[in-house]
2 protein chains.
Amino acid sequence: MKMEKDKTDKKDHILDVAERVFAEQGYDGASTRMISGGAGVNMAMLNYYFGSKEGVFLAIFDRRISNFQAVLLSIGNDESINSWEKLDKYLDNYIDKVVTNSCFHIMLNREISKSKKTDLTDQITDIMMKNVNVFLNIISEGIRKGDFNKDADQQLLVATIFGTKNYIINTPHISSKVLGYDVLDTDVQNNLLKPRFKKYMKTLLKAYLQNENDNNK
Amino acid sequence: MKMEKDKTDKKDHILDVAERVFAEQGYDGASTRMISGGAGVNMAMLNYYFGSKEGVFLAIFDRRISNFQAVLLSIGNDESINSWEKLDKYLDNYIDKVVTNSCFHIMLNREISKSKKTDLTDQITDIMMKNVNVFLNIISEGIRKGDFNKDADQQLLVATIFGTKNYIINTPHISSKVLGYDVLDTDVQNNLLKPRFKKYMKTLLKAYLQNENDNNK
DNA sequence: TTTTATTAATCAATCGATTAATTAGTTTTG
DNA sequence: CAAAACTAATTAATCGATTGATTAATAAAA
């Protein structure tokens with residue numbers, strides 16, 4: 001048997017670099033020469049390992065999504081906690097993940113933001129809809145149980161949750177100027193951005209979803 | 001003097017097509033042959049009129065932004081109305097414009113969502129920051145005057161306003177699935193999306209910015 | 001006639017992908 | 001155990017296609 005460890009490490013390293021280059025330059029803007037050059041491997045290795053440029057792109061996906069979605073799904077299905085607690089847990093986990101893997105989500109959202117439908121946009125849409133549906137279920141369940149305001153616009157609330165996240169992560173040049181610090185800096189993300197973002201999002205949702213009569217929750 | 005009318009019409013037509021192609025394919029994904037072919041003109045005309053591919057891109061900008069930003073700025077500087085009314089007017093005008101010119105904003109946001117800084121990202125950042133600053137001024141003024149909750153996170157509110165818009169407009173495949181109708185369809189935009197979006201945004205902001213003691217505004 | 005607009009043909013550069021040749025690593029065989 | 005045989009990994013060179021841009025020639029307009 002061959003040295004499986006080294007090979008996996010090497011493939012992982014290539015995907016790390018590719019993820020960053022795709023985020024920096026976009027899928028079309030990134031060339032296989034940039035990626036292979038950045039990873040310090042021969043260009044032909046990309047095709048040897050992943051078949052094609054698109055194969056590299058999809059391999060980055062496989063590496064990130066499965067575990068992530070499983071966690072969110074388990075929160076949505078947890079019957080031991082109420083709707084408000086589900087919302088809290090969902091936000092905590094979601095914000096942690098997307099901020100930490102910002103390169104991946106920049107890459108992801110750039111490729112879905114083409115108005116033209118392609119196989120790739122369809123695939124990305126399916127992936128993202130899973131996270132959206134978990135969130136929608138939490139909200140609709142909360143409304144059904146009377147925990148949340150029944151007049152809330154669930155669908156546009158989705159746009160606010162994921163849109164606010166996208167704005168911070170996917171347009172880092174703007175959000176960094178607005179917020180006053182570099183949102184792509186790891187230390188900033190962990191010490192400043194994540195706690196601030198979580199607190200804000202929960203406050204915002206509480207203000208909007210709270211029933212009008214029970215003002216002191 | 002030459003027939004200025006026809007020439008302007010032709011240039012405008014090219015920019016119309018280019019705007020759509022850039023939105024569909026992204027800047028790198030769109031070729032000058034797609035644009036010239038779609039507009040029914042010789043490829044060399046693009047360089048003759050606009051100098052280069054990037055020249056076409058920037059020409060699309062010039063056509064859209066100046067008038068738009070002037071309107072928003074005048075709302076921000078209007079001293080005859082209070083903060084809540086400013087917020088309302090800003091949202092009405094902003095949502096109308098960005099939904100109507102969705103192709104432009106898809107194109108715009110795709111190119112700013114590269115983590116790598118370039119001349120182009122800097123230019124787009126400057127343009128977008130103007131709209132952001134008008135909004136920030138309205139919020140901070142409202143807080144200063146005591147109209148809005150002083151504990152509000154102004155900067156993250158920016159992320160919510162523009163992020164929610166981006167989510168609906170820039171990821172149309174997802175938002176169309178979530179909302180249940182095609183957000184790129186003109187009729188849908190005017191009859192369903194715009195009024196719904198405006199109402200939601202105002203309700204959301206009211207819930208978040210309202211001072212805790214005055215519940216009946 | 002002079003300026004402006006438009007065309008077809010072509011430029012060098014770069015793209016993703018493939019090739020054939022070579023090295024490294026593992027397994028088989030005498 | 002070591003030589004041979006085989007498989008996997010890696011390289012440099014190159015493929016045809018496409019990219020944005022330019023040219024020189026022509027047509028239209030002033």
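Proximity of the aromatic rings of Phe22(B) and Phe104(B) is defined here by a centroid distance below 6.0 angstrom, and this criterion is not met.
Note that the two end axes of the helix from dT1(C)-dA30(D) to dG30(C)-dC1(D) enclose an angle of 10°, each drawn from 5 base pairs, rounded to 10 degrees.
Near DNA chain D, meaning a heavy atom under 4.0 Å away, there are no residues from residues 35-42 of chain B.
Nearest heavy-atom pair across Ile143(A) and Phe148(A) is CG1-CB, 3.8 Å. The minimum heavy-atom distance linking Phe50(A) with Ala59(A) is given by the pair CD2-CB, 3.8 Å. Smallest separation of non-hydrogen atoms from Gln25(A) and Ala30(A): CB-N, 3.7 Å. Shortest non-hydrogen contact noted between Leu157(A) and Tyr208(A) is CD1-CD2, 3.8 Å.
Distances shown here put a side-chain N or O of Tyr49(B) below 4.0 Å from the OP1 or OP2 atom of dT6(C). Phosphate proximity of dA5(C) to Lys10(B): absent, as no side-chain N or O sits under 4.0 Å from OP1 or OP2.
Ionic pairing of Arg110(A) and Asp28(A) is not present here: no N-O contact between side-chain nitrogen and carboxylate oxygen is shorter than 4.0 angstrom. Ionic pairing of Asp78(B) and Lys86(B) is not present here: no N-O contact between side-chain nitrogen and carboxylate oxygen is shorter than 4.0 angstrom.
The nearest whole Å value for the distance from the CZ atom in Phe50(A) to the P atom in dT18(C) is 16 Å. In this structure, CE of Met45(A) is placed 12 Å from P of dA12(D), rounded to the nearest angstrom. Atom-to-atom, CD of Gln25(B) to P of dG20(D) comes out at 12 Å; the value is rounded to the nearest Å. As a whole-Å value, the separation of Phe57(B) CZ from dG20(D) P is 14 Å. Put simply, OH on Tyr48(A) is 15 Å from C1' on dA21(C), counting in whole angstrom units.
The environment of Asp62(A) atom CG is dense: over 12 non-hydrogen atoms of other residues, nucleotides or ligands sit within 6.0 angstrom.
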Restricting both atoms to N or O, compile the protein contacts to nucleotides 13-17 of chain C shorter than 3.5 Å, with distance only.
{"unit_1": "dG16(C)", "atom_1": "OP1", "unit_2": "Ala30(A)", "atom_2": "O", "d": "3.2"}
{"unit_1": "dG16(C)", "atom_1": "OP1", "unit_2": "Lys53(A)", "atom_2": "NZ", "d": "2.7"}
{"unit_1": "dG16(C)", "atom_1": "OP2", "unit_2": "Thr32(A)", "atom_2": "N", "d": "2.9"}
{"unit_1": "dG16(C)", "atom_1": "OP2", "unit_2": "Thr32(A)", "atom_2": "OG1", "d": "3.2"}
{"unit_1": "dG16(C)", "atom_1": "N7", "unit_2": "Arg33(A)", "atom_2": "NH1", "d": "2.9"}
{"unit_1": "dG16(C)", "atom_1": "O6", "unit_2": "Arg33(A)", "atom_2": "NH2", "d": "3.1"}
{"unit_1": "dA17(C)", "atom_1": "OP2", "unit_2": "Lys53(A)", "atom_2": "N", "d": "2.9"}

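Figure legend: Lys53(B) and Tyr27(B) shown as a cation-pi pair, the cationic atom lying under 6.0 angstrom from the six-membered ring centre and within 45 degrees of its axis.
In this structure, a donor-acceptor pair under 3.5 Å is present between the side chains of Lys194(B) and Thr100(B).
For the pair Ile174(B) and Phe162(A), the minimum side-chain heavy-atom distance is 4.5 Å or more.
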